[in-house]
Amino acid sequence: MCSDSNSTIVTVDGPSGAGKGTLSQLLAQRLGYRLLDSGALYRLVALASINKAISVENASALRDCASTLDVEFAPADDGVTVILEGQDVTAAIRQEHVSMRASEVAAVDAVRTALLQRQRDFAVAPGLVADGRDMGTTVFPAAQHKFYLTASAEARAQRRYQQLLGRGESVDLAALVADIQARDQRDQSRATSPLRPAQDAHIVDSTEMSIAQVLEHMIDIIGV
Ligand SMILES: Nc1ncnc2c1ncn2[C@@H]1O[C@H](COP(=O)(O)OP(=O)(O)O)[C@@H](O)[C@H]1O
Ligand SMILES: Nc1ccn([C@@H]2O[C@H](COP(=O)(O)OP(=O)(O)O)[C@@H](O)[C@H]2O)c(=O)n1
């Protein structure tokens with residue numbers, strides 16, 4: 001199942017704005033584990049499909065796009081630089097229209113299948129923190145520690161709003177709430193690997209918790 005059986009896997013799934021990326025990065029640093037941002041892979045397929053004018057109905061072209069993605073994740077001072085076909089797309093893949101397209105291409109079966117082994121290959125010793133929607137259910141069902149991070153839709157939209165403003169993107173809060181609801185709905189209702197907690201996941205609702213509190217709670221559960 002895992003590409004390296006000496007790898008301890010921690011999965012962090014949940015809806016948009018729940019804090020998965022932030023907490024996964026902090027956990028990976030604290031534990032000395034590698035990080036998989038699986039959402040970035042779906043965002044890359046989305047951006048590549050926009051650049052190549054591939055429609056979301058064209059499953060075979062999307063599959064080809066996903067299976068031939070020429071991507072590099074390069075460590076940087078402020079996180080990770082994402083390079084697609086030689087271009088730095090770190091900021092481009094976080095734009096709101098790319099988020100929406102990502103959830104559309106993520107509903108295409110052939111895209112999910114094409115990305116499966118690529119995600120599993122991230123597992124190396126001593127461990128991996130995997131951030132996404134189906135890490136604990138489909139990609140790493142045998143993971144040792146599974147989390148499902150959530151928060152109220154209002155809190156998640158507010159967090160995302162502040163985050164995008166901070167990056168200098170002009171955003172409309174009402175439109176953002178609608179986008180997040182549409183993505184949640186699409187992610188939860190798709191046929192393959194829908195967003196839902198794994199049976200053995202710890203559910204953490206961070207609506208009333210700070211980032212530091214969530215981190216300590218997760219570390220307590222992992223028991224290190
Ligand atoms: N518990 C929390 N309290 C306040 N802000 C948070 C909390 N968790 C995350 N955030 C902030 O919310 C925003 C979205 O978090 P992020 O980790 O990108 O979520 P996700 O990966 O689940 O979409 C970030 O700006 C992050 O700093
Ligand atoms: N494991 C994953 C990760 C992301 N995705 C899709 O990719 C989109 C973007 O994921 P993301 O994790 O970068 O998004 P945010 O939670 O950061 O908003 C999601 O809305 C999902 O549709 C998925 O289907 N499966």
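Here the structure is a predicted model, which is why all the values come from computation and not from measurement. Both counts, for ligands and for their atoms, begin at 1 and track the order of listing.
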### Message
Which residue and atom name correspond to the protein heavy atom nearest atom 19 (O) of ligand 1, and how close is it?
### Response
Gly19 N, 3.1 Å

### Message
I need the contact type for Ala151 against ligand 1. Using non-hydrogen atoms and a strict under-4.0 Å cut-off, is it side chain, backbone, both or neither?
### Response
neither

### Message
Between Lys20 and Gly14 (side chain of the first, backbone of the second, donor and acceptor by atom type, cut-off under 3.5 Å), is there such a pair?
### Response
yes

### Task
Counting heavy atoms only, name the option from Arg156, Lys20, Met209, Gln213 that's nearest to atom 1 (N) of ligand 1.
Met209

#### Entry: Qualifying side-chain hydrogen bond (donor to acceptor under 3.5 Å, both in side chains) pairs, either residue in residues 163-182, two or more places apart
Arg160-Gln163

### Query
Nearest to atom 26 (C) of ligand 1, what protein heavy atom do you find, and at what distance?
Thr22 OG1, 3.5 Å

### Query
What is the nearest protein non-hydrogen atom to atom 24 (C) of ligand 1, stated with its residue, atom name and distance?
Gln163 NE2, 3.5 Å

### Query
Going by heavy atoms in the side chains, are Arg183 and Met100 under 4.5 Å from each other?
yes

### Task
Report the relative orientation of the aromatic rings in Phe147 and His202; use parallel for angles under 30°, tilted for 30 to 60°, perpendicular for over 60°.
tilted

### Query
Quick one: side-chain hydrogen bond (donor to acceptor under 3.5 Å, both in side chains) pairs with a partner in residues 36-45, sequence neighbours left out?
Asp37-Arg94, Tyr42-Arg112, Arg43-Ser99

### Query
Which residues pass the salt bridge (Lys or Arg N to Asp or Glu O under 4.0 Å) test with Glu85, sequence neighbours left out?
Lys52

#### Entry: Proximity winner for atom 23 (O) of ligand 1, if only heavy atoms of Arg94, Arg160, Arg133 are counted
Arg160

### Task
For Pro15, take its heavy atoms, then give the atoms of ligand 1 lying under 4.0 Å from any of them.
22 (O)

### Message
Is there a continuous path of hydrophobic side-chain contacts, each under 4.5 Å between heavy atoms, that joins Leu47 to Leu62?
### Response
yes

### Query
Do we see a donor-acceptor contact under 3.5 Å between the side chains of Thr22 and Arg159?
no

### Query
Looking at side-chain heavy atoms only, is the closest gap between Glu216 and Met209 below 4.5 Å?
no

### Query
So is Gly14 close enough to ligand 1, meaning a heavy atom under 4.0 angstrom away?
no

#### Entry: Polar side-chain atom of Thr11 near backbone of Met135 as donor-acceptor pair, under 3.5 Å
no

Could you pull out the N/O contacts under 3.5 angstrom between ligand 2 and the surrounding protein atoms?
from     : atom 1 : to     : atom 2 : distance (Å)
ligand 2 : 1 (N)  : Ser38  : OG     : 3.0
ligand 2 : 1 (N)  : Arg133 : N      : 3.1
ligand 2 : 1 (N)  : Asp134 : OD1    : 2.9
ligand 2 : 12 (O) : Arg133 : NH1    : 3.0
ligand 2 : 13 (O) : Arg43  : NE     : 2.6
ligand 2 : 13 (O) : Arg43  : NH2    : 3.4
ligand 2 : 14 (O) : Arg43  : NH2    : 3.2
ligand 2 : 14 (O) : Arg133 : NH2    : 3.4
ligand 2 : 14 (O) : Arg183 : NH1    : 3.4
ligand 2 : 16 (O) : Lys20  : NZ     : 2.8
ligand 2 : 16 (O) : Arg133 : NH1    : 3.4
ligand 2 : 16 (O) : Arg133 : NH2    : 3.0
ligand 2 : 17 (O) : Arg160 : NH2    : 3.1
ligand 2 : 18 (O) : Ser16  : OG     : 2.7
ligand 2 : 18 (O) : Arg160 : NH2    : 2.6
ligand 2 : 18 (O) : Arg183 : NH1    : 3.2
ligand 2 : 18 (O) : Arg183 : NH2    : 2.8
ligand 2 : 20 (O) : Arg133 : NH2    : 3.4
ligand 2 : 20 (O) : Arg183 : NH1    : 2.9
ligand 2 : 20 (O) : Asp187 : OD2    : 3.0
ligand 2 : 22 (O) : Asp187 : OD1    : 2.6
ligand 2 : 22 (O) : Asp187 : OD2    : 3.3
ligand 2 : 24 (O) : Arg112 : NH1    : 2.8
ligand 2 : 24 (O) : Arg112 : NH2    : 3.4
ligand 2 : 24 (O) : Arg190 : NH1    : 2.9
ligand 2 : 24 (O) : Arg190 : NH2    : 3.1
ligand 2 : 25 (N) : Arg112 : NH2    : 3.0

#### Entry: Short side-chain to backbone donor-acceptor contact, Arg133 and Leu195, under 3.5 Å
no

### Query
Based purely on interatomic distance, does Gly21 place a nitrogen or oxygen under 3.5 Å from a nitrogen or oxygen of ligand 1?
yes

#### Entry: Per-atom contacts, ligand 1 versus Ser210 - under 4.0 Å to a heavy atom
1 (N)

### Summary
shortest atom 27 (O) of ligand 1-to-protein heavy-atom contact is with Ile211 CD1, 3.7 Å

### Side chain to side chain, Asp13 and Tyr148, heavy atoms closer than 4.5 Å
yes

### Query
What is the closest protein heavy atom to atom 13 (C) of ligand 1, and at what distance does it sit?
Arg159 CB, 3.8 Å

